[in-house]
Amino acid sequence: MHPEHRDEFQLRNLDFLGDPQQLRAAALADLQKVGGRGYQAPRYEEAADGTGSVLVAVDQRGDVVDVNIRSDWRQELIPQSLGPALLEAHRNASTAMVNALALASLAEQERRAAEGGDEPAPPRRLPEAPEPGIAEIWRMLSNVEDMMYRADKLSRQAPADGTHTVHSPFGHFRGTCRGRSLTSITADVMLVEQADSAQLRSAALELFQQAQDTTGRENL
């Protein structure tokens with residue numbers, strides 16, 4: 001699968017404490033780049049690793065729906081780097097989908113506001129836990145990559161308890177899962193060297209499927 005690549009916008013870094021109105025304005029500016037309040041999240045998002053040799057597509061649940069490994073991937077990657085490239089592409093696609101869903105949620109809010117006009121909303125009781133405002137939502141989303149980095153770091157430092165491995169059927173790839181996260185992918189150098197792109201694609205898809213089945217389909 002090769003959906004239209006969405007490089008026009010990226011998740012903004014909102015680690016600083018910004019004015020909520022400014023943050024909302026920034027979010028609305030991003031929304032306008034993808035169609036305004038008519039925007040709807042795509043069925044899947046595809047993203048590549050840093051070299052562009054590996055692409056992974058995820059759906060709105062975060063499940064991997066396709067993998068593409070370029071036939072000339074060896075020009076950019078050594079066999080040992082193919083596993084990490086798959087994981088990088090997966091994380092990039094997952095982050096893109098999180099961003100798309102956030103924009104779709106904002107678009108829905110804008111549609112409802114437009115349909116309601118200027119009429120004031122009816123009063124309601126305060127919830128037990130206040131709903132997060134747009135500023136808080138975008139702050140949380142901006143921390144996705146930091147969360148993934150910390151999870152990867154913990155997976156290297158933590159003891160073996162709580163970890164398990166998954167394998168592609170013929171041993172091309174091995175994944176390490178900790179908790180609900182796929183934290184690393186390694187490749188069997190000899191098998192990868194002998195495989196063509198179609199075989200590697202099939203092996204990678206099987207690996208992601210196993211990881212999704214064993215981690216509750218939450219592999220961000």
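- Closest heavy-atom contact between P169 and E206: CD-CB, 3.4 Å.
- Listed for the R174 side chain is no donor-acceptor partner under 3.5 Å among the backbone atoms of H167.
- From I69, atom CD1 reaches atom CG of D196 across 10.0 Å, with rounding to the nearest 0.5 Å.
- In this structure, R37 CZ and L28 CG are separated by 11.0 Å, a value rounded to the nearest 0.5 Å.
- Nearest heavy atoms, S168 versus A203: CB-O, 3.4 Å.
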Going through the distances and angles, do L191 and F170 end up as a side-chain contact (heavy atoms from CB on, under 4.5 Å)?
CA-CA 9 Å; L191 292 176; F170 299 102; 5.7 Å; no

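- Within a 6.0 Å radius of CZ in R43, other residues, nucleotides and ligands contribute 12 heavy atoms or fewer.
- Checking side-chain atoms of D49 against main-chain N and O of V54 turns up a donor-acceptor pair under 3.5 Å.
- When all heavy atoms of L182 and G175 are compared, the pair lying nearest together is CD1-CA, 4.1 Å.
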Does E115 form a salt bridge (charged side-chain N to carboxylate O under 4.0 Å, His left out) with R112? I'd like the steps, not just the answer.
CA-CA 5 Å; E115 292 171 359; R112 291 180 178 177; over 6 Å; no

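- E193 places no side-chain N or O within donor-acceptor distance of the main-chain N or O of M190, the cut-off being under 3.5 Å.
- One distance of note links OG of S184 with CZ of R178; it measures 12.0 Å at 0.5 Å rounding.
- Side chain of T176 to main chain of T183: no donor-acceptor pair is present (N/O by atom type, distance under 3.5 Å, no hydrogens or angles).
- At a threshold of 4.5 Å between side-chain heavy atoms, the hydrophobic network of Ile, Leu, Val, Met, Phe, Trp and Tyr places L205 and L207 in one connected group.
- E88 places a side-chain N or O within donor-acceptor distance of the main-chain N or O of G50, the cut-off being under 3.5 Å.
- Of the possible polar contacts, none joining the D72 side chain to the Q75 backbone as a donor-acceptor pair under 3.5 Å is found.
- The heavy-atom pair separating V58 from M97 by the smallest distance is O-CE, 3.6 Å.
- With values rounded to the nearest 0.5 angstrom, D59 atom CG is found 6.0 Å from R61 atom CZ.
- For the pair S202 (side chain) and A198 (backbone), a donor-acceptor distance under 3.5 Å is absent.
- No donor-acceptor pair closer than 3.5 Å links the side chain of E45 to the backbone N or O of S94.
- Contact check for H90 versus L86: no side-chain heavy atoms found under the 4.5 Å cut-off.
- Between D66 and E46, every side-chain heavy-atom pair lies at or beyond the 4.5 Å cut-off.
- Contact of the L200 side chain with the F173 side chain is registered, since non-hydrogen atoms from C-beta on lie closer than 4.5 Å.
- Looking at I185 and F208, their side chains come closer than 4.5 Å, going by heavy atoms from C-beta outward.
- Connection of L101 to V64 is established within a shared hydrophobic cluster, with ILVMFWY side chains joined at heavy-atom distances below 4.5 Å, either directly or through further cluster members.
- Residues G83 and A187 approach most closely at N-CB, 4.3 Å, considering heavy atoms.
- Among all heavy-atom pairs drawn from A100 and P42, the shortest one is CB-CD, 3.9 Å.
- In this structure, CD in Q210 is found 9.5 Å from OG1 in T165, a value given to the nearest 0.5 Å.
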